[in-house]
**Q** 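Before anything else, here's the structure in question.
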Protein chains: 2
Amino acid sequence: MARAALRLLDDVGLPDLTMRRLAAALEVQPSALYHHFPNKQTMLAELADRIIAGRPAVVHSGDWAVDVPAQAAALRDSLLAYRDGAEVVESTLSLGLGADAALRRLADAIVQGGFDDETAGRAATALLHFVLGHVSHEQQRLQYDSLGVVAPRVADEHGLDTSADAFAFGVDLFVAGLRAHVSTR
Amino acid sequence: MARAALRLLDDVGLPDLTMRRLAAALEVQPSALYHHFPNKQTMLAELADRIIAGRPAVVHSGDWAVDVPAQAAALRDSLLAYRDGAEVVESTLSLGLGADAALRRLADAIVQGGFDDETAGRAATALLHFVLGHVSHEQQRLQYDSLGVVAPRVADEHGLDTSADAFAFGVDLFVAGLRAHVSTR
DNA sequence: ACCTGAACACCGTTCAAGT
DNA sequence: ACCTGAACACCGTTCAAGT
């Protein structure tokens, strides 16, 4: 059921992932879905949880400055694995319906740096906002490109992945900022 | 017209800001709106531009480490000035329909630090993602609180504004990260 | 140029009734 | 417990026709 929904998400994208289409994919009446979920947002929350759980958590190295970027990259991969994955997780998170595993993994990695819980929590939240915003934007462009609206990413003149570069740069900014924070206390 | 839409946004929120309601507020038929905007997203893009233009840009001090947080704070204020302001800007930006003034202001402030354009652009994008994500979350909670879904923010036991604090912390992380970046090149 | 009236092709959700 | 059938109260958008 959630599997069918994830497949449909990948096929048609979030804007076209309607309860009626999902029902049709399951060869069932729309009203039947409401025996499994109280409403659409709850159903999307289950998708969000599955999207995030996609990749197993990276083994921690003991060095937070290595683990934080690794967790961020793993999260990005999980989000990219499904069409509009970032948006699904974003909306679920903002409604407080789940997807908190993502925040926890980032916070756990940061905590290794010896930061207090409030600092780690705030840093993790800030980093999560960046990751979601970045990947969301990335996926938006993927759609535009595939629709031929714009030239299909000039990006890699030299075989480089500009999106991944910009992502790594943003994550590094956080790590460097945290490092500076710890050295000035 | 855009003014009426902004008032309606403030009254009912983004999910209930429909073309039909807007038409009713203007005492006009829904179809009449399509003589002013080609579609709903374009209309939201105009709102996004007006929301961002809300506060005049802060005068620059010459010190990027002062100006960047100031621009970020001014942007936050602009977004908070309208219900669901962050979400309106987020969606407009991700569709590439406008609201680029926000990114420009952040990038201009960062550039003063002597960073090259690519670095400044990437840092500005990362910071903007954080700002939008943070304020969006902030506004989501404002709604929940006003609906009495949760206790109205335990937050300020000592009269502190936890949201603003967390925001400033996130911005500082960026500034500290950028500073570290410049000192290691 | 700007608007009305009417329609098209959809939505999410509810609910009595069936098995 | 799970589903159907039918309905309710909506959407965004189009288009001929009017002024």
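Naming convention: chains lettered A, B, ... in sequence-line order (proteins, then strands); numbering from 1 in each chain.
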**Q** Taking the side chain as every heavy atom from C-beta outward, state whether Leu8(A) and Asp16(A) have any pair of such atoms under 4.5 Å apart.
**A** no

**Q** Check the orientation of His134(A) and Phe167(A). Use parallel for under 30°, tilted for 30 to 60°, and perpendicular for over 60°.
**A** tilted

**Q** Should the ring pair Phe169(A) and His181(B) be called parallel, tilted or perpendicular, given that the plane angle runs from 0 to 90° and is split at 30 and 60?
**A** perpendicular

**Q** Could you go through Gln41(A) and Ser91(A), starting from their C-alpha distance and side-chain angles, then the distance that decides it, and tell me whether this counts as side chain to side chain contact (heavy atoms under 4.5 Å, CB included)?
**A** CA-CA 9 Å; Gln41(A) 269 305 333; Ser91(A) 87; 3.9 Å; yes

**Q** Look at the rings of His137(B) and His129(A) and say which category their plane angle falls in: under 30° parallel, 30 to 60° tilted, over 60° perpendicular.
**A** perpendicular

**Q** Roughly how far apart, to the nearest Å, are dA9(D) and dC10(C) at atom P?
**A** 22 Å

**Q** What are the bounds, 5' to 3', of the part of DNA chain D that sits under 4.0 Å from heavy atoms of chain B?
**A** dC11(D) to dC15(D)

**Q** Which residue in the set Leu47(A), Asp84(A), Asp10(A) passes side-chain contact (heavy atoms from CB on, under 4.5 Å) when paired with Leu17(A)?
**A** Leu47(A)

**Q** List the steps, then state whether side chain to side chain contact (heavy atoms under 4.5 Å, CB included) holds for Phe37(A) with Met1(A).
**A** CA-CA 11 Å; Phe37(A) 313 102; Met1(A) 160 118 356; 3.8 Å; yes

**Q** Taking the side chain as every heavy atom from C-beta outward, state whether Phe115(A) and Leu178(A) have any atom pair closer than 4.5 Å.
**A** yes

**Q** Is the shortest side-chain heavy-atom distance between Ser163(B) and Arg141(B) below 4.5 Å?
**A** yes

**Q** Using the rule given for side chain to side chain contact (heavy atoms under 4.5 Å, CB included), can you reason through Leu75(B) versus Val135(B), listing the C-alpha separation, both sets of side-chain angles and the distance that settles it, and then say yes or no?
**A** CA-CA 10 Å; Leu75(B) 178 56; Val135(B) 177; over 6 Å; no

**Q** So if I take residues 13-30 of chain B and measure heavy-atom distances to DNA chain C, which residues fall below 4.0 Å?
**A** Arg20(B), Val28(B), Gln29(B)

**Q** Check DNA chain C for consecutive Watson-Crick or G-U pairs with both distances under 3.5 Å and list the runs of at least three as stems.
**A** C:4-8 with D:12-16, C:12-16 with D:4-8

